[in-house]
Protein chains: 2
Amino acid sequence: MKVTREQAAQNRERIIKTAARLFREKGFDGVGVADLMKSAGLTHGGFYGHFASKSDLAAKACEISLAASREKWARLAEAAGEDALAALVDNYLSDVHRDRLSSGCVLSTLGPEAAREGGPVKHAVANGLKGLLEVLEQSVPGRSPEQRRKAALAAMAQMVGAVVLSRIADDEALSDEILAAVRSDLIDPACD
Amino acid sequence: MKVTREQAAQNRERIIKTAARLFREKGFDGVGVADLMKSAGLTHGGFYGHFASKSDLAAKACEISLAASREKWARLAEAAGEDALAALVDNYLSDVHRDRLSSGCVLSTLGPEAAREGGPVKHAVANGLKGLLEVLEQSVPGRSPEQRRKAALAAMAQMVGAVVLSRIADDEALSDEILAAVRSDLIDPACD
DNA sequence: ATTATCTATAGATCTATAGATAATGC
DNA sequence: ATTATCTATAGATCTATAGATAATGC
């Protein structure tokens, strides 16, 4: 039954990645440790050799999810050059992002739950937010660093809110309308 | 043990109001039927005489919470006249709203969970969103109805996102900074 | 010998229901 | 007689742990 040290490390990574997917799909309370381990191809009891608690795993899952988001943002911004903001916005407000919870931004799938959870989970998500803001500050137009900081905060809030609302809307027309309105508000020249 | 027909109706209302408070504080999965009934001063088993299921209650709790938000918005907008948007924004982005989950906007406390839940709960929240948008469309500046509609959608997303993020931030400086940046972005003249 | 994983289970909790109780309302 | 509420519990599920197992790594 025992596996190599390296295999055990891989199993641990697989548990975290599975959790990162399932928590985003079903919420922290929507998936139990047993389901989670089954999805990772392991047994229930093996879990506590890897993690102190479900909450411990939740914090690590949020951490890697948001680190992946940050890397994706940095790649997109880098590739888009001058149009970095538009590239980030188009990506975040896409219907793919809205519809595929399992790989989406943790801020919009688990934000309120993480805030309530507190402790290491909230801390991990707060750090992830800071990381995304760093990328956004470099992608947003503005004369001074202060202006860019403010613009990044405003854009971040608007993107997260748009995805949350687009997932609440129960008719697709409204959902699409929300994404389109916010995309236009963020990208098109502010002065009309 | 039996109470008057009127008392029973009052008990039902009290259950819904208690649920509206507790669900926002702890999430749908954070409070059980037994806790909820105890908080309402009733016993566990009595619940199913009033509601078909916990989910049924959740939908009704979201409905009354969002109806109350809409009424509050309408009152604020009415009282502020020309400055309706600023009044709504100041209220939504206040630290009181951020800190007091129990009476806050359901979109920012339970939005992602309601979207996952689907069914009547999601439907109730989607309808509540539409109601708030109606008030916001009348409060936002813009030459045409289409322009106001777009501005309302953009503002709604930004307000919800700002509160979600301000609750995630684990240092108060960042949390306040988010609220202030978004407030200024929404209220101050858009062109600098 | 160590340790990653397994089986099995303790103990707590959750939703929902069954049947008893007692006050209302005909 | 009806019915709102109560007590008690069924049945499912959840987190976490205890102890067994078997392959690695010294």
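Everything quoted here is computed from the prediction, not taken from an experiment. Just so we're on the same page: letters track the sequence lines, and every chain starts at 1.
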B/H97: what forms a ring-ring contact (aromatic ring centres under 6.0 Å, His included) with it, not counting sequence neighbours?
->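 Here the qualifying residues are B/Y92.
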Closer to the 5' end of DNA chain C via nearest nucleotide, is it B/F28 or B/T4?
->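 Nearest nucleotide further toward 5': that of B/F28.
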NE2 of A/H50 versus P of D/dA16: gap in Å, rounded?
->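 In whole Å, D/dA16 P and A/H50 NE2 are 16 Å from each other.
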Closer than 3.5 angstrom, by distance alone: can the side chain of [X] be matched with the main-chain N or O of [Y] as a donor-acceptor pair?
X: A/Q147; Y: A/R143; result: yes
X: B/R183; Y: B/L93; result: yes
X: A/S65; Y: A/A61; result: yes

Under 4.0 angstrom, heavy atoms only, what part of the nucleic acid is B/D35 near: base, sugar-phosphate, or nothing?
->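 Sugar-phosphate contact only.
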Would you mind classifying the nucleic acid contact of B/G32 as base, sugar-phosphate or nothing, using non-hydrogen atoms under 4.0 angstrom?
-> sugar-phosphate
For D/dT15, does OP1 or OP2 lie under 4.0 Å from any side-chain N or O of A/K54?
-> yes
Verify the contact: side-chain N or O of A/H44 to OP1 or OP2 of C/dA8, cut-off strictly under 4.0 Å; return yes or no.
->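 It does not, given that no N or O in the side chain of A/H44 lies less than 4.0 Å from OP1 or OP2 of C/dA8.
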State whether a side-chain donor-acceptor pair under 3.5 Å links A/S175 with A/R167.
->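 No, because no side-chain N or O of A/S175 sits under 3.5 Å from a partner of the opposite role on A/R167.
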Looking only at the side chain of [X] (C-beta and beyond, no hydrogens), which of the listed nucleotides [options] gets closest?
X: A/V33; options: D/dT5, D/dT15, C/dC6; value: D/dT15
X: B/Y48; options: C/dA23, C/dT17, C/dC6; value: C/dT17
X: B/K2; options: C/dA23, D/dC6, D/dA23; value: C/dA23

Which comes earlier along DNA chain D counting from the 5' end, the contact point of B/A8 or that of A/S55, where each point is its nearest nucleotide?
-> B/A8
Convert the base pairs of DNA chain C into dot-bracket notation, remembering that pairs crossing earlier ones are written with [ ] and that bases paired across to another strand are shown as |; include only Watson-Crick or G-U pairs under 3.5 Å.
-> ||||||||||||||||||||||||..
Can you name the one residue among B/T18, B/L36, B/D29, B/V106 that meets side chain to side chain contact (heavy atoms under 4.5 Å, CB included) with B/F23?
-> B/L36
